[in-house]
Amino acid sequence: MMRQIRQQWKELVEREILLYAKELLGTDDPVRELSIAVQTPPKPELGDIAFPLFVFAKVFRTAPNALAEVLRIRLGARTDLPEGDLLVAGPYLNVKVDVISLAGHLQQAVQAQGSGFGRNQTMAGKRVMVEFSCPNTNKPLHLGHLRNDSIGESISAILKANGAIVRKVNLINNRGVHICKSMLAYQKYGNGETPESAGIKGDHLVGKYYVRFAQWEKEDPTAMGQAQEMLRKWEDGDPEVLSLWRTMNQWTLEGVSQTYAKTGISFDQYYYESDTYMFGKDNVLKGLEQGVFYREEDGSVWIDLAEINLDKKVLLRKDGTSLYLTQDIGTAIARHTDWPFDSLIYVVASEQMYHFKVLFHVLQRLGHPWAKDLHHLSYGMVNLPEGKMKSREGTVVDADDLFAQLSLLAVEEIRSKDREDDVGDVAATGEAVALGALNYYLLQTNPTKDMVFNPAESISFSGNTGPYLQYMGARISSMLRKYESMREAHDDISFDGALLKIEEERELVKLIARYGESVEEAGRDLNPSAVATYLYELSRLFSKYYHDHQILKAETPQLVKARISLCAMVLQVLKNAYSLVGIPFLESM
RNA sequence: GCGCCAAUAGCUCAGUUGGAUAGAGCAACGGCCUUCUAAGCCGUAGGUCGCGGGUUCGAAUCCCUCUUGGCGUACCA
């Protein structure tokens with residue numbers, strides 16, 4: 001809503017500058033070439049919308065301060081201005097919006113739109129496919145996957161909130177040499193154990209054998225060759241290999257699904273590399289016929305990437321088996337056929353930037369016009385305070401372990417505060433708190449950046465954390481429950497924004513009005529941290545407000561009504577924002 | 001070597017796309033529970049925005065050099 005007000009004032013100021021130029025200089029041409037910036041002043045006293053006038057100083061040959069004064073007087077003389085006050089702050093012409101009327105509009109809008117408040121139509125009708133997670137079927141999920149999942153789920157929600165039609169897809173990496181490794185080790189050392197017999201989640205059991213292979217490989221130099229041989233058998237459709245493969249894949253996927261269920265991850269469609277890799281191969285061969293690729297003497301198929309200043313890249317091995325890139329070509333084409341998209345976003349770690357550069361180029365060379373609509377949402381590595389996670393050193397943080405640990409600590413926190421009775425289902429609440437903590441921690445940082453995951457900090461729950469944000473929602477909910485008992489006395493009183501005179505109240509109103517912009521920004525930049533930052537700002541302001549001022553015991557019933565309505569607005573915005581960054585809403589905690 | 005990305009308080013991160021006195025949290029220190037939940041609130045301290053140059057009325061933000069770190073440059077994924 002703030003956006004519209006801003007736009008309205010911008011047009012007015014722009015028009016006035018043009019008029020003034022025509023009067024003073026006889027022409028507005030030089031001004032037309034300049035564009036006026038719209039900003040938010042750093043302090044509330046300076047107003048809510050700022051127009052810096054530096055750029056116009058030259059044209060008018062006056063100091064920007066003087067120009068600001070002229071514009072203020074000229075605009076002030078108009079009768080068609082929207083509500084609000086104009087003020088000059090040095091070289092800025094600022095507008096103080098009318099908070100009272102803003103509060104009234106917002107109150108109606110929030111009430112009418114509810115969970116839809118903050119949504120916008122900037123991407124209306126656009127079909128966006130988002131690929132994320134993409135686990136291997138040879139090990140359980142770890143912290144790196146959790147960042148991927150958080151970003152993927154959040155971005156999908158954000159794009160939807162911007163009006164897009166979103167399809168979340170997962171690509172299961174269920175074939176290839178690495179998959180054969182765990183199978184081979186299982187054949188050799190498994191003794192027929194199953195998740196049931198071992199009492200281990202399927203993904204962890206398979207992961208155990210993937211690790212076992214690494215050990216075996218050190219002792220036996222033929223191990224790798226055997227894995228490659230197994231892959232050839234797999235591609236030849238060897239029944240025994242396929243049967244083991246199906247069994248172990250199933251184990252992993254069941255385990256991973258449980259993790260998804262706990263961490264709130266879901267997909268509209270699953271793709272499996274085992275289904276698409278042949279299709280990729282076909283397309284590579286087609287490209288070979290078209291002359292886009294070429295064949296080496298040993299039989300391998302290549303593309304020369306000199307066009308984009310890169311080296312040559314292999315697309316099919318000399319033994320004819322396909323590679324990661326081959327599969328991705330097939331998957332992309334299959335997807336566009338399945339569900340023609342306006343855009344496909346791959347949420348994949350930054351280490352694969354090169355891969356996607358090549359993939360997009362190959363698809364374009366193959367003549368797919370939609371190749372330009374592919375986008376790699378690259379996110380940085382997750383490191384630990386001690387440095388990189390290394391599987392060899394056993395420092396990889398397992399997703400299930402971490403989540404269990406966080407949940408346990410949340411439960412302890414609830415118990416230590418004697419909140420069991422208020423909370424109801426302690427275990428479920430603990431998990432909800434853990435999930436909020438985890439998602440917020442992972443989404444706070446701009447995806448493009450590497451980040452440090454400090455387990456101790458993520459579970460501390462004090463300061464700028466998910467639980468802090470959840471706590472605000474729970475506190476407001478608690479107040480609203482108490483308000484129910486005194487509601488009748490207030491039902492006939494209508495909301496009066498004019499009663500919200502305290503600075504924090506005015507700031508809250510304006511911040512609520514800006515929520516939609518943070519949703520837009522997050523969508524435009526594919527950056528959930530924009531919403532995360534907004535959420536924290538709103539929570540902190542509200543926290544200070546209700547700490548310092550009585551809501552339910554305010555002096556008059558009219559004031560109670562005004563304040564509790566403001567609280568309800570804040571709660572709705574919190575809920576809406578929570579849903580975009582994976583923070584579960586809790587009635588009490 | 002070449003390519004891509006990053007560098008902001010002791011630590012972890014924001015910074016409205018070039019604007020006003022660079023902000024939070026953690027850690028440290030000091031206050032605040034007879035009060036709508038103290039998972040909280042308030043205060044103190046902490047900065048050569050990696051270095052050097054350039055563009056501009058104006059730079060943490062844009063350009064160049066350098067330094068440091070990460071990633072990539074596989075017939076791995």
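Letters go in sequence order (proteins before strands), and every chain restarts at 1.
Within the cation-pi definition used here (under 6.0 Å to the ring centroid, within 45° of the axis), A:Arg175 qualifies as a partner of A:Tyr277.
Within 4.0 Å of A:Ile414, counting heavy atoms only, lies at least one base atom of the nucleic acid. When heavy atoms are screened at a 4.0 angstrom cut-off, A:His549 is found touching base atoms of the nucleic acid. Residue-level contact check: A:Val177 touches neither bases nor backbone, having no heavy atom under 4.0 Å from any strand. Contacts of A:Asn527 with the nucleic acid, taken as non-hydrogen atoms under 4.0 Å apart, are absent. Nucleic acid contact class of A:Pro64 (heavy atoms, under 4.0 Å, all strands): none. As judged by a 4.0 angstrom heavy-atom cut-off over every strand, A:Asn446 is placed among residues touching the sugar-phosphate backbone only. Looking at heavy-atom distances under 4.0 Å, A:Leu323 makes contact with sugar-phosphate atoms alone, never a base. Contact annotation for A:Lys58: backbone-only contact, meaning every heavy-atom pair under 4.0 Å involves sugar-phosphate atoms and none involves a base. Residue contacts for A:Gln550: at a heavy-atom cut-off of 4.0 Å it reaches a base atom on one of the strands shown. If you check every strand for non-hydrogen atoms under 4.0 Å, A:Thr40 touches a base. Across all strands shown, A:Asp450 has heavy atoms under 4.0 Å from sugar-phosphate atoms exclusively, and none from any base. A:Glu537 comes within 4.0 angstrom of no nucleic acid atom, judged by non-hydrogen atoms across all strands. Nucleic acid contact for A:Ala57: none, since no nucleic acid atom lies under 4.0 Å from a heavy atom of the residue. A:Lys318 comes within contact range of at least one nucleobase, with a heavy-atom separation under 4.0 Å.
The listed nucleotides are B:A77, B:A38, B:C71; the one nearest the side chain of A:Arg475 is B:A38. Taking every side-chain heavy atom of A:Thr445 into account, B:A14 is the closest of B:A24, B:A14, B:C41. Side-chain proximity of A:Tyr354 to B:G25, B:U73, B:U37: nearest is B:U73. Listed nucleotides: B:A20, B:A77, B:C41. Nearest to the side chain of A:Asn94: B:A20. Of the candidates B:C13, B:G40, B:U35, B:G40 carries the atom nearest the A:Ser462 side chain, counting heavy atoms from C-beta on. Checking B:C75, B:A77, B:C5 against every side-chain atom of A:Asn136, the shortest atom distance belongs to B:A77. Closest approach to the A:Ser543 side chain among B:U37, B:G40, B:A24 is made by B:G40 (side chain taken as heavy atoms from C-beta onward). Nearest to the side-chain atoms of A:Tyr324 among the listed nucleotides B:A77, B:C36, B:A20 stands B:A77. Candidate nucleotides B:A24, B:C36, B:C75 were compared by shortest atom distance to the side chain of A:Tyr536, and B:A24 ranks first. The A:Gln352 side chain lies nearest to B:A77 when the options are B:C75, B:A77, B:U17.
Distance CG (A:Asp525) to C1' (B:G15): 13 Å, rounded to an integer number of Å. Between A:Gln228 atom CD and B:C75 atom C1' the separation is 9 Å, expressed in whole Å. In this structure, CE of A:Met451 is placed 17 Å from P of B:A6, rounded to the nearest angstrom. The CG atom of A:Asn464 sits 12 Å away from the C1' atom of B:G23 (whole-angstrom rounding). Atom CG of A:Asp548 is separated from atom C1' of B:C36 by 13 Å (rounded to the nearest Å). One can place CG of A:Leu511 at 14 Å from C1' of B:A24, the figure rounded to the nearest angstrom. Across the protein-nucleic acid pair, A:Tyr545 atom OH and B:G40 atom P stand 21 Å apart, rounded to whole Å. In this entry the distance linking CG of A:Leu541 with P of B:C41 reads 11 Å, nearest Å.
For A:Phe360 and A:His375, the gap between ring centers reaches or exceeds 6.0 Å. Not less than 6.0 angstrom separates the ring centroid of A:Tyr468 from the ring centroid of A:Phe461. Outside the 6.0 Å centre-distance limit, the rings of A:Phe132 and A:Tyr346 are not counted as a close aromatic pair.
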Report the C-alpha separation of A:Tyr483 and A:Arg487 in whole Å, then their side-chain angles, then the decisive distance to 0.1 Å, and conclude whether the side-chain hydrogen bond (donor to acceptor under 3.5 Å, both in side chains) test is met. CA-CA 6 Å; A:Tyr483 174 72; A:Arg487 189 195 186 97; 5.8 Å; no
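The phosphate of B:U73 (OP1 or OP2) has no side-chain N or O of A:Lys357 nearer than 4.0 angstrom. Taking 4.0 angstrom as the limit, A:Arg563 places none of its side-chain polar atoms (N or O) nearer than this to OP1 or OP2 of B:C36. Close to B:C71, at under 4.0 Å from its OP1 or OP2, lies no side-chain N or O of A:Ser350. Distances shorter than 4.0 Å separate some side-chain N or O of A:Tyr468 from OP1 or OP2 on B:C41. Between A:Arg481 and B:C36, a side-chain N or O to OP1/OP2 separation shorter than 4.0 Å is absent. At least one side-chain nitrogen or oxygen of A:Lys482 sits closer than 4.0 Å to the OP1 or OP2 atom of B:U37. Phosphate contact (OP1/OP2 of B:A7, side-chain N/O of A:Lys449, threshold under 4.0 Å): present.
A donor atom on one side chain and an acceptor atom on the other are not found under 3.5 Å apart for A:Tyr271 and A:Asn170.
Nucleotides B:C26 and B:G46 are separated by 13 Å at their C1' atoms, to the nearest Å.
B:C51: glycosidic angle beyond 90° from 0, hence anti.
The base of B:C75 is paired with the side chain of A:Ser300 by a donor and an acceptor separated by under 3.5 Å.
Of the options A:Asn249, A:Asn174, A:Thr252, a side-chain hydrogen bond (donor to acceptor under 3.5 Å, both in side chains) to A:Thr137 is made by A:Asn249 and by none of the others.
The aromatic rings of A:His549 and A:Tyr545 lie tilted to each other, with the angle between the two planes from 30° to 60°.
Here A:Asp203 does not pair with A:Lys139 in a salt bridge; the nearest charged N to carboxylate O distance is not below 4.0 Å.
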